[in-house]
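Notes to accompany the following structure.
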Amino acid sequence: MPELPEVETLCRQLVKTITGQTLLDILVLDSKLPEITELTGRRVSRVERRGKKILLSFDDGQILAVHLRMTGRLLWQEEVKEIPQYTRLILTFTAGRVFFIDPRRFLTIQKERDSSSYHGGVDPLQNLTPEYLAARGRPRKGSVKSFLLDQSVIAGIGNIYACEILHHAGIDPARPACRITDAQWHRIALSTKEVLGRAVACRGTTVSDWRDFHGRKGSFQHELRVYRRAGLPCPRCGKIVARCLIAGRGTYFCPGCQV
DNA sequence: CGAACGACCTGTTCGC
DNA sequence: TGCGAACAGGTCGTTC
């Protein structure tokens with residue numbers, strides 16, 4: 001679930017909530033997760049996003065990298081209540097507790113040395129240019145959709161937003177990246193910023209169980225044009241939205257206005 | 001280097 | 001109604 005807009009939403013809420021807070025206790029409830037007891041007593045100095053990862057920096061220089069994968073969530077509680085179902089880790093801070101929730105147990109946390117050792121792709125909200133896309137896309141025979149999903153090219157786009165961006169740009173997701181024209185790369189760069197920016201403003205997309213740090217739904221699901229809308233008319237041209245498989249992922253597109 | 005595919009997990013939805 | 005198959009926001013390792 002969490003793609004860039006959802007992770008960005010969590011990050012902004014984490015910054016406001018736990019920056020400066022001291023980590024009083026750590027409870028690991030899933031044997032797949034590493035022991036991180038040495039963080040006990042440390043103060044959170046910084047929270048930032050790298051693609052879909054969240055980096056928590058502590059006052060002694062240690063960094064915790066969190067990746068929520070498909071179904072991971074973070075939930076903040078100030079009062080002590082019942083532990084939510086599928087909680088895999090609990091961090092207790094001075095002012096409250098952070099629950100790491102994930103039914104599928106894909107969520108990962110790992111200690112990292114320093115935040116500059118990141119080698120992912122560009123951040124689509126910051127440095128994305130048509131020239132960069134064209135240069136990286138030119139040698140690739142695979143579909144433009146799997147190109148947009150490649151985290152070493154652009155960090156943060158997932159399946160929902162890849163579908164929505166390509167619809168916004170009016171481009172067939174199955175088109176090989178090497179056959180995208182400069183004018184189309186231009187549109188893709190603009191649509192990426194447009195769609196992701198709007199989704200961040202909506203605090204993400206709640207298609208099934210996504211919730212933000214305070215348990216609230218996002219609202220971008222009301223603005224989806226093609227994702228999970230197979231059989232419904234395209235809001236732009238009226239043709240029926242289709243679904244196909246690209247690189248093993250369900251892909252939604254409009255055969256009428258995506259060429 | 002690039003691309004396709006199975007694996008990792010568990011819950012929900014769909015078709016017969 | 002019941003049951004198995006298909007599908008779900010994401011990566012990663014293997015193989016070609």
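Chain letters run A, B, ... following the sequence lines, proteins first, then strands; residues in each count from 1.
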Just the rounded figure in Å: distance from [atom2] of [N] to [atom1] of [X].
X	N	atom1	atom2	result
Leu107(A)	dG9(C)	CG	P	17 Å
Lys53(A)	dG10(C)	NZ	C1'	13 Å
Asp209(A)	dG9(C)	CG	C1'	9 Å
Lys145(A)	dA4(B)	NZ	P	12 Å
Arg105(A)	dG11(B)	CZ	P	10 Å
Leu245(A)	dC7(C)	CG	C1'	10 Å
Arg69(A)	dT11(C)	CZ	P	7 Å
Arg228(A)	dA8(C)	CZ	P	7 Å

[N] versus [M] - spacing of their [atom1] atoms, nearest Å:
N	M	atom1	value
dA3(B)	dA8(C)	C1'	23 Å
dT14(C)	dC9(B)	P	16 Å
dC8(B)	dC3(C)	C1'	25 Å
dT12(B)	dT11(C)	P	23 Å
dG11(B)	dT1(C)	P	23 Å

Touch check for [X], heavy atoms < 4.0 angstrom, all strands: base, sugar-phosphate only, or nothing?
X	answer
Tyr227(A)	sugar-phosphate
Gly142(A)	sugar-phosphate
Arg88(A)	nothing
Tyr252(A)	sugar-phosphate

Q: Spell out yes or no: do the side chain of Arg140(A) and the base of dA3(B) have one donor N/O and one acceptor N/O closer than 3.5 Å?
A: no

Considering every strand shown, what is the Watson-Crick or G-U wobble mate of [N] when both distances are under 3.5 Å?
N	result
dG9(C)	none
dC1(B)	none
dC9(B)	none

OP1, OP2 of [N] versus side-chain N and O of [X]: anything below 4.0 Å?
X	N	value
Tyr86(A)	dG11(B)	yes
Lys141(A)	dA3(B)	no
Lys52(A)	dG9(C)	no
His67(A)	dT11(C)	yes
Arg249(A)	dG10(C)	yes
Gln151(A)	dT11(C)	yes

Check this for me, if you would: do [X] and [Y] make a salt bridge, where the nitrogen-to-carboxylate-oxygen distance has to be below 4.0 angstrom?
X	Y	result
Arg73(A)	Asp209(A)	no
Asp150(A)	Arg136(A)	no
Arg12(A)	Glu8(A)	yes
Asp102(A)	Arg88(A)	no
Glu112(A)	Arg50(A)	no

Q | Pair Ser143(A)-Ser146(A), side chain to side chain donor-acceptor pair (under 3.5 Å): steps then yes or no | A | CA-CA 5 Å; Ser143(A) 67; Ser146(A) 36; 2.6 Å; yes

(Q) On a heavy-atom basis, which atom in Asn127(A) and which in Val122(A) lie closest, and how many Å separate them? (A) CB-CB, 4.3 Å

Q: Select from Thr206(A) and Gln110(A) the residue whose nearest nucleotide in DNA chain C is closer to the 5' end of that strand.
A: Thr206(A)

(Q) Let's see if you can work this out: which of dG11(B), dA8(C), dC9(B) has an atom nearest to the side-chain heavy atoms of Phe106(A)? (A) dC9(B)

Q. So which nucleotide from dA8(C), dG9(C), dG11(B) ends up closest to the side chain of Arg243(A)?
A. dA8(C)

